[in-house]
Number of protein chains: 2
Amino acid sequence: MREQDGATKAPGRVGDVRRRNLALVLGRIGPEEPATRAEIAAATGLTKASVSSLVAELLETGLVDELGVTRAGERGRPGVGLALDARRGALGAEVNVDYLAVGVVDLHGSLRYHEVAETVNRGRGPNDVVAELSRIVERCVSAADDAGMTLLGGGLAVPALVDPSRGTILNAPNLGWRNADLAPALGGLVPGAPFGVVLSNEADSAALAELWYGRGTSLGSYLYVSGEVGVGGGLVMGSELFSGPGGHAGEVGHIVVEPTGQRCSCGGRGCLETVAGQEAILAAAGITDGGSTTAARMAALQASLDAGDTQAITAVERAAHYLGIAIVSSARVVDVSAVVLGGHFAALAPWIRPALLSSLEAFAPGVIAEEAVAFSELGTTAALRGTAGAALRRALAAPYELLA
Amino acid sequence: MREQDGATKAPGRVGDVRRRNLALVLGRIGPEEPATRAEIAAATGLTKASVSSLVAELLETGLVDELGVTRAGERGRPGVGLALDARRGALGAEVNVDYLAVGVVDLHGSLRYHEVAETVNRGRGPNDVVAELSRIVERCVSAADDAGMTLLGGGLAVPALVDPSRGTILNAPNLGWRNADLAPALGGLVPGAPFGVVLSNEADSAALAELWYGRGTSLGSYLYVSGEVGVGGGLVMGSELFSGPGGHAGEVGHIVVEPTGQRCSCGGRGCLETVAGQEAILAAAGITDGGSTTAARMAALQASLDAGDTQAITAVERAAHYLGIAIVSSARVVDVSAVVLGGHFAALAPWIRPALLSSLEAFAPGVIAEEAVAFSELGTTAALRGTAGAALRRALAAPYELLA
DNA sequence: AAGAATTAGTATGTGTTCTAAACTATATAG
DNA sequence: CTATATAGTTTAGAACACATACTAATTCTT
């Protein structure tokens, strides 16, 4: 993810300066309030001449749009407003255990044309599922096309350990997939996308969605924990996803929270997942109807909680207690002081929150403040927003790719 | 530590290219085996002309030395060997609870002129201790001077949370210091050092020493855990220290390893420190003589272990068991797959190792391999080597600072 | 022993991209 | 209607890497 080897680093060429400055100027052009060339020059330290030249090239890429004169009402010649062009966007898609989700996000951050389909994907083959996904994607892509949008790239998020550079799924335990090569399918999703379609982990993407479009926008550094069938997570620090040397960072599901606890599917013992995963909570709540899907049983849990069922409430509070321990330990290791919770933790927020706060206070007073515990509001669109956003950032970081 | 804000980034100027390439070329010049201009050109992708020009400037800085023709025995004109100049070095110093350590490390990585003084610093004031340290530093600096060495910078490591940019100690619980301003003293340690003298955390510095001069050289990414009066740690990933958004990353001492365990001085419960810190181990081993220093009692523990005392052995194994849990949890969060253990964990290695390995295997089979558990061999010189090394890296990363 | 072949390193001219400073353009103030 | 302020462009100059052609020093071949 990060630069690996100081020794293998490429040499700096004179042209690199321009590439860097193109991205720098583009970074000062927000989605909304128009910036002017003069303002950008003052903010970046570049001369007005350089900014003019750089902006001219950015206009050529189509990422930036001139809005006409800004009425300042002040003395002097008014500047020409510049803003990101909302007609450029990216596709985001997600395959999860019990739904497919697809959408288009534009450079202003708006989600347009999204569609969520509830399907049971566990056990079905990857090709079958991706074919169904492709049909939804086609509808979204042509809707964007009809509206005059240009898609720069896209992303597909899956609840799996992936190799983004090869477009392969290494292991998706909850889908039952191993070593699936999605590269051919990815290429076809957004025809002619200059920034490609990239495979990503669902929790990582959701974590980034919170950073760019959700509860993390004001935080910058936080741990994202998503409760699904498993317990996944992503680590955002300094407004960047940290995925670790091997790409597994933020995997809080297998932190040991109870040394004398149950054995876990990972081979360990007392992992968070064994006490706060969906199956664990459902079992503790006594909701054991094996015939229906996990999603349906989670709905039943909601109903029990609403009805004030003590066993259900105790089960959720127990999960929150251990969740607190895992968060505290994570916070110590990477020094983050905020958390964003998604998946079923967000759905169960009213019951999770108090128990979680008292657990945090008991095990590490003062480390994570009450205001620093946030619950996701993005629902099933989190991961697709994240991968689409990542595609947009790839474009914003390398605008020169769009020039001849 | 890392670049914070994409928006506040400085613009790229043409001269930045040269700065980058100076550091790039310097990075290819190792301490030992001489590199030639032609080899560097091939390795970096720069042209021979550019490399010649860059090397000429590096020679001016004094960091690099020409060794004369390399006898290759092959056809063609032999190249001129280039190597880092071992006459350039940096000072490293450490104030710890029961000793002071000072040394000089040269650009070849050799430790020269080092001195360790056993003194009880707990409770003494910072000024008093630093004055004593300064006398030792003076001896080392003049020894280096006499040998014709030039010191580029230095570092002072303390078992404390520090603000390196201000040169202040925020809190050193085990020394009993709070809000001590060491900036004036630091400035005077290495007169005229172009890269300054920087305050650092002892565990972080020791972690870096392992990376550059110890057990971490072949690892690249690992968790360093140091057992002292407290339990500290440092996180090295991708051959860089990761200190987290607030600078506390790697603080494994307060990971929760036993939810029903004892209260901790941090206000939490069941932290690693409450079961694997020196006092905790001594108490469990029944070595309770309150009159002598902690260091002396740790020596007594060693003696008991050597004598086969079951209570002592059980106490150490229990600590190792919990240490394993903390390592596993850390490994999950940041995705590292190796550990280096220092401080009393290194001293007790023969007793720690087997218990630790079985704990790792029980809680996360396959995550940390047996070969990936290493014990430090740097002893009391670890932290000083680390801070000195950091000063040397500052010079190697910014050689242009040494030019007019 | 002389020349061919091979490799190391230097010199010169060109293109890119920045800065600085002077210039043009367009607004408000009085 | 002129002075002033601000936005943006034009032009000249400097830094730097690249490409190419050159010189230097060594070994191989005959």
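Given the structure is predicted, the values throughout are model-derived calculations rather than measurements. In what follows, every heavy atom counts, from backbone to side chain, and hydrogens, waters and symmetry copies are set aside. Each chain gets a letter, A, B and so on, in the order the sequences are listed, and its residues count up from 1.
Using modelled atom types, no side-chain atom of B:S110 and backbone atom of B:D106 make a donor-acceptor pair closer than 3.5 Å.
In this structure, B:E39 places its CD atom 19 Å from P of C:dT6, rounding to the nearest Å. Whole-Å rounding puts the A:R75 CZ to C:dA29 P distance at 7 Å. Spacing between atom CG of A:L22 and atom P of C:dT16 amounts to 15 Å, rounded to whole angstrom units. Rounded to an integer number of Å, the gap from CD of A:E66 to P of D:dA7 is 15 Å. Atom-to-atom, CG of A:L54 to P of C:dT16 comes out at 15 Å; the value is rounded to the nearest Å. Between the P atom of C:dT26 and the CZ atom of A:R37 lies a distance of 14 Å, rounded to the nearest Å. Across the protein-nucleic acid pair, A:L59 atom CG and D:dT9 atom P stand 10 Å apart, rounded to whole Å. D:dA15 atom P lies 18 Å from atom OH of B:Y400, rounded to whole Å.
With C:dA20, D:dA7, C:dT26 as the candidates, the nucleotide lying closest to the side chain of A:K48 is D:dA7. Closest to the side chain of B:L46, out of D:dC18, C:dT10, D:dA7, is D:dC18. Counting only heavy atoms from C-beta on, A:S52 has its side chain closest to D:dT9 among C:dT10, D:dT9, C:dT6. Closest contact between the side chain of B:V17 and the listed nucleotides C:dT26, C:dT19, D:dC16 involves D:dC16.
B:V51 comes within 4.0 angstrom of nothing in the nucleic acid, heavy atoms only. Heavy atoms of A:S53 sit nowhere under 4.0 angstrom from any nucleic acid atom. At a threshold of 4.0 angstrom between heavy atoms, the contacts of B:A38 are confined to the sugar-phosphate backbone, with no base atom among them.
Considering A:L402, A:V64, A:L403, A:D65 as possible partners of A:L58, the one that fulfils the side chain to side chain contact (heavy atoms under 4.5 Å, CB included) test is A:V64.
OP1 or OP2 of D:dA19 has not a single side-chain nitrogen or oxygen of B:T47 nearer than 4.0 Å. Residue A:R18 places at least one side-chain N or O under 4.0 Å from the OP1 or OP2 atom of C:dC18. For C:dC18, the OP1/OP2 oxygens have a side-chain nitrogen or oxygen of A:N21 closer than 4.0 Å.
At a cut-off of 3.5 angstrom, the base of C:dA27 holds no donor-acceptor pair with the side chain of A:R77.
Taking the nucleotide of DNA chain D with the nearest heavy atom to each of A:V14 and B:G76, the more 5' of the two is matched to A:V14.
Taking 4.5 Å as the limit, every side-chain heavy atom of B:I40 sits out of range of all side-chain heavy atoms of B:L54.
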### Task
Begin from the C-alpha positions of A:S243 and B:D335 and carry the test side chain to side chain contact (heavy atoms under 4.5 Å, CB included) through to its verdict.
CA-CA 8 Å; A:S243 44; B:D335 187 28; over 6 Å; no
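Under 4.0 Å is where a charged nitrogen must lie from a carboxylate oxygen, and between A:R37 and A:E66 at least one such pair does.
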